[in-house]
Participant: 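Right, I'll just put the structure down here and ask away after.
One-based numbering along the sequence shown.
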Amino acid sequence: MSLPLVKRCLLAYILCAPAVAAPAQSTPSTALLVLSKQDHTLAIVDPATLKALARVPVGDDPHEVVASADGRTAYVSNYGFGRFHTLTVVDLDGQKQKNVIDLGGLRGPHGLHFQQGKVWFTAEAAKAIGSYDPGTDEIDWIMGTGQNRTHMIYVFPDAKKILTTNVSSATVTILEHTEGPAGMPPSSSSGPPPGAPPAGAPQYQGAGVPPPGTPGRPGGPMPGPPPGGDWNETVIPVGRGSEGFDVTPDLKQAWVANAWDGTISVIDIDAKKVTATLAANARGANRLKFTSDGKLALISAGPELVIFDVASQKEVKRLTIGHGSGGVLVQPDGQRAYVACSGDAYVVVVDMKKLEITGHIEAGGNPDGLAWAVRQ
């Protein structure tokens, strides 16, 4: 075979050989996570380049996403307005789906929060909230709200106080953990335990009476409190369509965006009451987020991003961002904010110093839920 013929055959082999996909770029130590409801994927975005490095399948109708404290795992709620009952787990380092958590009867999972090593979630169709422990791979706590469309959730750092919004009931629920057995008086209350004989009464040993020393019997140790203790629930009426909300960094206030009224309800968390209703002109409001310094509140409302000054409770700017705005996220350093524009298939990038739009991210069709992952 002549040399030119060898070269021609070699060239033909190279051209006809199957293409080998280039390996995906590794996940950066700080990553922006963007859900695409249309593509059923989670995009891992490099915030330095604003480019999607990988897209991971996450199941039907993904709505919200949250990252673990170590930034290596993401959890996605598969919502479906009550049709679905799963959370999809994503390995962010490996850029692949890890497993799917079946919530059983806890249908319509939506809002997510990662706190105290657990994934806290709402179950809208079940009118409940719950927590999933990745360490034991178990749903270890469930609490009913009795409210319609329990949608978003915020869990305080010590996990002893929880806030949820209930869209169709036009309410906010505050749950507070109390010490001691569920349904029992506080441990500091005086008097004998329920069922104990009065002081000085004779003690009998007979049929059906446990022997001395038995837990719960007079003279014996009382049984310990059941896991989880008890919870006090306060339901606060707010505006119609209460959905997106956030808690100020000092944990003193919650601002709730009322989509149907276009207002914002300001709640004093300690007093458990609404202290102001702001005429925000934000009908269709989807999400509300505070900046990390607590000075500004960002509300996504249809084609606009409405920005409020928290101290004065006054609007400072209104940006036209696109169509069908959804998820809102502020970087921990406060330099940028991101707003998902579902109708335009992009995520808007906002310079928080100038309060101006500086870019767009292509991360899949119908983007919505956003999260920030920082590898520890």
Side-chain angles (χ1 to χ4, degrees), residues 28-34 45 47-48 50 64-67 69 71 111-116 152-159 161-163 165 172 174 243-257 263-271 274-278 280 282 285-301 304-319 321 325-340 347-359 361 369-376:
S29 58
T30 299
L32 171 66
L33 308 179
V34 182
V45 176
L50 301 180
E64 293 297 314
V65 56
V66 69
L112 299 171
H113 199 171
F114 196 91
Q115 198 67 270
Q116 291 286 320
M152 303 298 291
I153 187 169
Y154 181 95
V155 180
F156 280 59
D158 61 1
K161 187 178 292 186
I162 302 171
L163 270 67
T165 46
V172 168
I174 298 180
E243 185 173 347
F245 82 104
D246 200 5
V247 172
T248 52
D250 63 7
L251 307 180
K252 294 183 179 300
Q253 292 184 347
W255 283 33
V256 183
T263 61
I264 296 172
S265 298
V266 179
I267 295 175
D268 181 319
I269 294 175
D270 289 336
V274 174
T275 57
T277 300
L278 312 181
N286 196 297
R287 297 290 176 267
L288 185 151
K289 289 294 179 183
F290 291 111
T291 52
S292 54
D293 59 10
K295 293 182 178 180
L296 298 175
L298 281 61
I299 306 101
S300 60
E304 297 177 316
L305 178 68
V306 186
I307 304 173
F308 264 70
D309 177 78
V310 173
S312 67
Q313 299 184 350
K314 301 293 185 182
E315 180 183 323
V316 296
K317 196 159 187 179
R318 189 173 290 251
L319 299 175
I321 56 175
S325 57
V328 177
L329 181 73
V330 182
Q331 284 184 191
D333 63 8
Q335 297 297 311
R336 288 174 172 171
Y338 304 90
V339 186
V347 175
V348 167
V349 183
V350 179
D351 184 321
M352 291 304 298
K353 297 299 182 183
K354 301 178 180 179
L355 297 183
E356 295 177 354
I357 296 172
T358 57
I361 301 171
L370 306 173
W372 197 252
V374 180
R375 187 181 303 133
Q376 302 295 325

Participant: Testing the basics here: between K289 and V328, what is the closest heavy-atom pair and its distance to 0.1 Å?
Facilitator: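 Reported closest heavy-atom pair: CG-O, 3.3 Å.
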
Participant: Would you say that M352 contacts Q331 through its side chain, given a criterion of any heavy-atom pair below 4.5 Å between the two side chains?
Facilitator: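 Counting from C-beta outward, M352 and Q331 never come under 4.5 Å.
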
Participant: Within the 4.5 Å heavy-atom criterion, are Q116 and V155 side-chain neighbours or not?
Facilitator: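 Of all side-chain heavy-atom pairs linking V155 with Q116, none is under 4.5 Å.
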
Participant: P28 and P47: which non-hydrogen atoms are nearest, and at how many Å?
Facilitator: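 Looks like CG-CD, 4.5 Å.
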
Participant: Heavy atoms, side chains only, cut-off 4.5 Å: are Q313 and W255 in contact?
Facilitator: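 A side-chain contact under 4.5 Å exists here.
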
Participant: Can you list the steps and then say if V348 with L305 is a side chain to side chain contact (heavy atoms under 4.5 Å, CB included)?
Facilitator: CA-CA 10 Å; V348 167; L305 178 68; over 6 Å; no

Participant: So K317 and E356, do their side chains get closer than 4.5 Å, heavy atoms only?
Facilitator: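 Answer yes - side chains close enough.
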
Participant: Could you pull out the closest heavy-atom pair between D333 and S292, with the gap in Å?
Facilitator: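 That closest heavy-atom pairing would be C-OG, 4.3 Å.
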
Participant: Step by step, would you call K161 with I269 a side chain to side chain contact (heavy atoms under 4.5 Å, CB included)?
Facilitator: CA-CA 10 Å; K161 187 178 292 186; I269 294 175; 4.0 Å; yes

Participant: Is a side-chain donor or acceptor of S300 paired with a backbone partner of G326 at a separation under 3.5 angstrom?
Facilitator: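 Confirmed, S300 side chain pairs with G326 backbone.
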
Participant: Walk me through whether L32 and W372 qualify under side chain to side chain contact (heavy atoms under 4.5 Å, CB included).
Facilitator: CA-CA 5 Å; L32 171 66; W372 197 252; 4.0 Å; yes

Participant: Could you grab the distance from atom CD1 of I153 to atom NE2 of H113, nearest 0.5 Å is fine?
Facilitator: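 Answer rounded to 0.5 Å: 8.5 Å.
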
Participant: Drop me the distance from D270's CG to L251's CG, to the nearest 0.5 angstrom.
Facilitator: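 Going from CG on D270 over to CG on L251, the span is 9.5 Å.
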
Participant: Mind checking whether V347 and L329 have side chains closer than 4.5 Å, heavy atoms only?
Facilitator: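 When only atoms from C-beta onward are counted, L329 and V347 do not touch, as no gap falls below 4.5 Å.
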
Participant: At their closest point, which heavy atom of L33 faces which heavy atom of A373, and how far apart are they?
Facilitator: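 Where L33 meets A373 most closely, the heavy atoms are CD1-CB, 4.2 Å.
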
Participant: Within a strict 4.5 Å, meaning less than it, do heavy atoms of the F156 and I162 side chains meet?
Facilitator: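 Answer no - side chains too far apart.
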
Participant: Measuring from atom CG of L319 to atom CD1 of I307, what distance do you get when rounded to the nearest 0.5 angstrom?
Facilitator: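 Nearest 0.5 Å value for the CG-CD1 distance: 4.5 Å.
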
Participant: Could you report the tightest heavy-atom contact between S325 and I321, atom names first, then the distance?
Facilitator: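 Closest heavy-atom pair between S325 and I321: CB-CD1, 3.6 Å.
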
Participant: Using side-chain heavy atoms (C-beta onward) and a distance below 4.5 Å, is F290 in contact with V330?
Facilitator: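 Side chain of F290 against side chain of V330, heavy atoms only: no contact under 4.5 Å found.
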
Participant: What do the steps show when you test V310 against K295 for side chain to side chain contact (heavy atoms under 4.5 Å, CB included), and what is the final call?
Facilitator: CA-CA 5 Å; V310 173; K295 293 182 178 180; 5.9 Å; no

Participant: With side-chain contact (heavy atoms from CB on, under 4.5 Å) as the test, pick out the partner of F308 among L278, L296, L288.
Facilitator: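 Answer after filtering L278, L296, L288: L278.
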
Participant: At their closest point, which heavy atom of A285 faces which heavy atom of A257, and how far apart are they?
Facilitator: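 For A285 and A257, the tightest heavy-atom pair comes out as CB-CB, 3.7 Å.
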
Participant: When rounded to the nearest 0.5 angstrom, what distance separates CG in D309 from CD in E315?
Facilitator: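 Between D309 CG and E315 CD, I get 11.5 Å after rounding to 0.5 Å.
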
Participant: More than 12 heavy atoms of other residues, nucleotides or ligands under 6.0 Å from NZ of K252: is that the case?
Facilitator: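 Count not over threshold, so no.
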
Participant: Taking the side chain as C-beta and beyond, is there a heavy-atom pair between F245 and S265 under 4.5 Å?
Facilitator: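 Not touching, per the 4.5 Å side-chain cut-off.
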
Participant: Any donor-acceptor pair under 3.5 Å linking the side chain of T30 with the backbone of V374?
Facilitator: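 Judged by distance alone, no pair lies under 3.5 Å.
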
